[in-house]
Structures are given as C-alpha cells and as structure tokens.
2 protein chains.
Amino acid sequence: MVLYAGQGDPQRTLALLWRGIAADSARTSRGPKPALTVDAIVDAAITVADESGLDGLSMRAVGERLGRTAMSLYTYVPTKRELIDLMYDQAHAEISAPARSPGDWRAEVESWAGELQTCYLRHPWLLQVSHARPVLGPHEQAVLESILRALDPAGLPPAGLRAVVSSLFSLVRGSARSIAEARSAATTTGTTDQEWWTTRARLMRELVPDFADRFPLSVRLSCEQVTDWEQAARDAFCDGLAILLKGV
Amino acid sequence: MVLYAGQGDPQRTLALLWRGIAADSARTSRGPKPALTVDAIVDAAITVADESGLDGLSMRAVGERLGRTAMSLYTYVPTKRELIDLMYDQAHAEISAPARSPGDWRAEVESWAGELQTCYLRHPWLLQVSHARPVLGPHEQAVLESILRALDPAGLPPAGLRAVVSSLFSLVRGSARSIAEARSAATTTGTTDQEWWTTRARLMRELVPDFADRFPLSVRLSCEQVTDWEQAARDAFCDGLAILLKGV
DNA sequence: CACAATACCTTATGCCGTAAGGAGTTTCAC
DNA sequence: GTGAAACTCCTTACGGCATAAGGTATTGTG
C-alpha cells in the first residue's frame with residue numbers, strides 16, 4: 001500500500017531547504033490564503049526547541065504557538081523530520097562570514113569556531129539532531145564555505161583540508177556539547193556544580209571504597225578542583241583548538 | 001503530589017551502575033526468585049538498540065525479547081532513562097586497556113582512539129545518548145583512566161591534559177558520527193554513495209543553478225570525487241588525529 | 001454560478017512511558 | 001503450620017506522540 005514515496009521526498013525536502021533561492025516558486029493561489037508560512041513555522045519551532053529542548057518539540061506545541069492545530073502544519077511541511085531539518089539549517093543562518101583579514105588565517109579560524117560554538121549554545125538541540133547524510137541546506141553550506149574561505153590561505157591539499165575541517169567541526173561540537181550539558185545539568189537539577197559533586201563523591205565513597213585504587217589517574221586529575229564546570233570546558237576548547245592549529 | 005523523588009534517584013542509579021562492584025548487595029530474598037537480572041535486561045536492550053536504533057528501543061521491545069512484559073522491567077530498573085545509562089556504560093566495557101608499550105605513547109593513544117571508535121560504530125546509538133553530567137559508570141571511567149594512562153608519559157600539565165583528552169573524545173565521537181551516518185544512509189536508502197550523490201546533484205542543479213558561484217570553495221573541494229564516503233571519513237579521522245598529536 | 005484547489009479542522013489509529021493495583025509465589029516470625 | 005510480609009510479574013489505563021483519513025470552509029478560475 002505504501003506508494004514508495006521515498007523517491008519524491010528528497011526533491012521536496014531540497015525545495016523546502018532552498019526555498020526563496022530556488023527558481024520555481026510558482027504561486028498557484030486557488031483556495032484560501034495560507035495563514036502561515038514555512039518560515040513562521042520554522043521560527044516557532046526553533047523557539048519551542050530553544051525553550052523546551054528537542055523532547056519538548058511536538059507538532060502540537062508548534063501549532064499551538066501559532067494558534068493552529070498540529071495537523072495544519074502538515075500543509076506546509078511533510079513530516080516532523082523535515083521540519084527539524086529546516087530548523088537545523090535555519091539556525092545556522094545566524095553565523096556570519098568572518099570579516100576578511102587576509103594576514104592571519106588562524107585568527108579567522110578561531111573566530112569562525114567561536115561563532116559556531118555560540119550558535120550551538122544558543123540552540124543546544126542542534127547537537128542532538130542526527131543526520132543521515134549531510135543536510136546541505138543553504139545556511140549550513142554557507143558555514144562550510146566560510147571555514148573553507150578562512151582556511152584558503154593556508155594552502156592545504158584537499159585531503160588535509162578535509163581532515164582539518166572535519167576536526168574543527170568535531171572540536172566545536174564536542175566542546176559545545178560539554179558546555180551545554182554543564183549548563184542544563186545546573187539548571188534542571190537546581191544544584192551548583194559544587195553541591196552536585198560533593199553529593200556524588202560521598203555516594204561513591206560509600207559504594208566503591210577502593211575507587212582511588214582502581215582509577216588513580218582520574219582521581220589525580222579531578223583533584224585539581226574544578227569550581228566552574230563550564231569554564232573548564234571552555235578552556236579545554238581553546239587549548240584544544242590551539243593544539244590543533246599548531247599541528248596544521 | 002510528586003514526592004520529590006529526585007533526591008533518592010542518584011543513589012539508586014549509582015548503585016545500579018556499580019552493581020557487582022558495590023559492597024552492599026544484600027540479597028533479601030523473600031518472594032519469588034527473579035527470573036531476570038539487570039545484566040540480562042541491559043544486554044537485551046543493547047541488542048535491540050543495535051538492531052533498531054535508539055528510536056526502536058522501547059520498554060515493550062526489550063521486554064518482548066526477554067519473554068516478559070514491559071512493566072516487569074520496572075522491577076529492576078527505575079525508568080527508561082536509567083536503563084539507557086546502564087546500556088551506555090555497559091557498551092564501554094568492550095574497550096580493553098591498551099597494552100603497555102612504554103616507549104611510544106602516541107601509538108598507544110592511537111590504538112585507544114581506534115578502539116573507542118570501533119565501539120561507537122558497533123553501537124551507533126551511543127552517539128545519540130545525551131548526558132546531563134557525566135555518567136561515571138565503572139566502564140566509562142575505565143576508558144577515561146586508560147587514555148590517561150596512555151598519556152601519562154607525555155607529562156602534560158593538568159589543564160593541557162584535560163584539553164587533550166577532551167579533544168580526543170571530540171575527534172573520535174565526531175568521526176564515528178560521520179562514519180555511522182554514511183553507513184546508515186547507505187543501508188536505509190538502499191542506494192550507493194554514487195547514486196545518492198548524482199541524484200542529489202541533479203536536483204541541486206535544477207533548484208539552485210548558481211550553486212557553483214555561491215559556494216566555489218565547497219564545489220572545488222567536493223570535485224575531488226569521493227567514491228567511498230566512509231573511507232573519506234576514516235582518512236579524515238586519521239589525519240586529524242595525527243595533526244592533533246603533532247600539536248601536543 | 002459551478003467547480004476545482006486549497007487550508008484547516010476533527011477524528012481515529014497505533015505507538016510510547018509508566019502509574020495503579022491485583023494475583024501468584026516464596027520466605028520469615030511465631 | 002500458619003499467617004503476614006516481601007517480592008515478581010501481570011493487566012489495565014492514562015495521557016501524549018506522529019500522522020493517516022476524511023470532512024468543511026474558503027478562495028480563485030471557467
């Protein structure tokens with residue numbers, strides 16, 4: 001019974017992603033005027049996800065925010081999965097191309113990384129979106145293009161370039177994830193890092209008395225008291241980036 | 001009405017994570033013998049997740065695999081969230097500590113990274129598990145300890161060590177994610193990388209004729225024909241790792 | 001005006017996690 | 001030996017989810 005709709009889908013998805021840029025946009029315009037737009041839906045969905053995470057993102061919640069039912073959204077967007085793809089791409093629109101300062105490509109790479117990280121932290125749900133295949137929307141594409149432009153003066157061979165770009169993305173995503181987790185843990189549990197750690201440490205001491213014998217290096221490392229979890233993640237990111245750039 | 005159960009939870013979660021190691025294990029043993037064990041449930045859940053992903057992981061599915069109902073699992077595990085934590089930690093048990101070859105710490109780091117990546121690829125759902133706060137189960141802890149042991153001869157200061165470790169995790173996770181996505185896309189859509197790319201490229205040519213003008217560097221990079229998406233991700237990982245280690 | 005196309009709604013299906021409470025089984029205290 | 005307690009496992013039910021199906025109202029075209 002399933003009419004093998006898998007074929008027509010990428011066409012529609014791509015058309016949605018590149019809407020406004022794509023050429024066809026023929027307005028047929030019979031029937032009632034659309035009260036919504038894809039953009040409005042995507043924006044509303046992003047707001048919902050920012051507020052309540054990807055778990056709190058339901059078609060009902062998005063519809064409600066727009067004064068519509070969940071089902072009405074399906075006029076504009078084929079499935080929730082596609083809506084998330086659109087949100088993902090749209091969120092990347094916040095990242096501007098780095099200002100051209102042709103002398104120092106390392107500085108440009110650093111500023112790009114910082115901006116991307118900021119974007120991830122503004123929309124932590126981005127880090128949970130799992131793609132099968134890259135999305136290839138216009139804004140995500142622009143982000144890729146802009147890091148390539150920043151790295152252009154370094155004159156890397158294609159394989160090396162790919163490696164550096166992919167490592168940069170990994171580093172930014174990884175650090176953003178750490179920071180986002182530190183934040184969300186602090187707000188959802190309502191405890192400070194300190195409190196959480198002391199509780200956890202007490203429990204561990206009871207449950208696993210020989211922890212220090214089993215994991216001496218871990219203990220030694222965490223003995224350097226981490227007062228601010230988020231700041232530690234930030235520092236680790238900066239240092240990691242510096243190491244990577246030194247290695248290029 | 002909610003009796004503020006948030007307090008007692010970490011205790012129970014930790015006790016579950018460190019079961020077998022923890023001291024208390026007092027068998028009360030009134031009532032019928034348990035037909036299941038936490039380990040069996042965790043193993044079954046891992047199998048389900050390996051087969052159907054985290055989306056396909058439902059309490060009903062896990063119960064069914066064990067010939068029980070979904071509700072019976074709640075005797076052993078407080079919520080699905082905790083079950084996933086247990087799965088996460090258990091999956092890390094597959095990683096063995098690197099053989100000691102004291103001369104070459106870089107080689108040890110590389111082998112550690114390779115093993116971790118293999119683990120992520122065997123259980124791609126690991127990459128979707130988002131923690132608030134680190135899990136701190138025994139096996140994950142052992143993985144951390146083993147990379148610290150590998151890096152010990154490098155004699156890094158604490159901050160630098162933290163940066164390197166966190167960068168390594170990011171790199172491994174990021175590359176594993178790319179590879180896993182390449183694989184899943186290939187299997188779920190049933191097309192080869194080649195087919196998928198040509199279809200996509202044709203659609204893009206129709207929708208966005210000036211793509212090459214907008215994103216010249218992206219086009220130039222992808223012109224180097226990628227025949228095998230997974231292999232490209234693998235190469236990028238190795239090169240990225242080499243760059244990072246060179247930077248240390 | 002009639003008709004086609006469209007937007008939006010209500011309803012229904014089949015999933016999900018899990019709360020509530022009942023039935024059967026085993027052990028302990030007496 | 002006999003309750004009572006403790007325990008496992010089950011059935012049922014609730015509210016929420018994405019979305020399929022189909023109805024109704026609104027708009028433009030002939």
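Each chain gets a letter, A, B and so on, in the order the sequences are listed, and its residues count up from 1.
A sub-4.0 Å separation between OP1 or OP2 of D:dC9 and a side-chain N or O of B:Y76 is present. Under 4.0 angstrom from either OP1 or OP2 of C:dC16 there lies at least one side-chain N or O belonging to B:S58. Not one side-chain nitrogen or oxygen of A:T69 sits closer than 4.0 Å to the OP1 or OP2 atom of C:dC8. Dashed line: the shortest gap from a side-chain N or O of B:S72 to OP1 or OP2 of D:dC10 is under 4.0 Å.
Salt bridge A:R202/A:E206: present, at least one basic N to carboxylate O contact under 4.0 Å.
The backbone N or O of B:L16 sits less than 3.5 Å from a side-chain atom of B:R19, completing a donor-acceptor pair. Side-chain atoms of A:E145 come within 3.5 Å of backbone N or O of B:S218 as a donor-acceptor pair. Using modelled atom types, no side-chain atom of A:Q117 and backbone atom of A:V172 make a donor-acceptor pair closer than 3.5 Å.
Within the 4.0 angstrom heavy-atom criterion, no nucleotide atom of any strand lies near A:L73. Residue-level contact check: A:L66 touches neither bases nor backbone, having no heavy atom under 4.0 Å from any strand.
What separates CZ of A:R68 from P of D:dT19 is a distance of 20 Å, to the nearest Å. If you measure from atom OH of B:Y74 to atom P of D:dC9, you get 15 Å, rounded to the nearest angstrom. Rounding to whole angstrom units, CD1 of residue B:I41 and C1' of D:dC9 are separated by 12 Å. When rounded to the nearest whole Å, the span between CE of A:M59 and P of C:dT11 equals 20 Å. Atom CG of B:L54 is separated from atom C1' of C:dG17 by 14 Å (rounded to the nearest Å). The nearest whole Å value for the distance from the CD atom in B:E82 to the P atom in C:dT18 is 9 Å. Rounded to an integer number of Å, the gap from B:E64 CD to D:dC10 P is 12 Å.
Residues B:T79 and A:G67 both approach DNA chain C. Their nearest nucleotides, taken by heavy-atom distance, put A:G67 toward the 5′ side.
Rounding to the nearest 0.5 Å gives a distance of 9.0 Å between CG of B:L144 and CZ of A:F215.
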Open item on the list: Treating primed atoms plus P, OP1 and OP2 as sugar-phosphate and everything else as base, which nucleotides of nucleotides 21-30 of chain D get B, S or - for protein heavy atoms under 4.0 Å?
Closed with: B----BBBS-
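At least one side-chain heavy atom of B:F169 sits less than 4.5 Å from a side-chain heavy atom of B:L116. Side-chain contact between B:T37 and B:Y76: absent, with no pair of heavy atoms (C-beta onward) separated by less than 4.5 Å.
A donor-acceptor contact under 3.5 Å is not formed by the side chain of A:R60 with the base of D:dG16.
For B:K80, the side-chain atoms get nearest to C:dG17 when compared with the rest of C:dG17, C:dC8, D:dA18.
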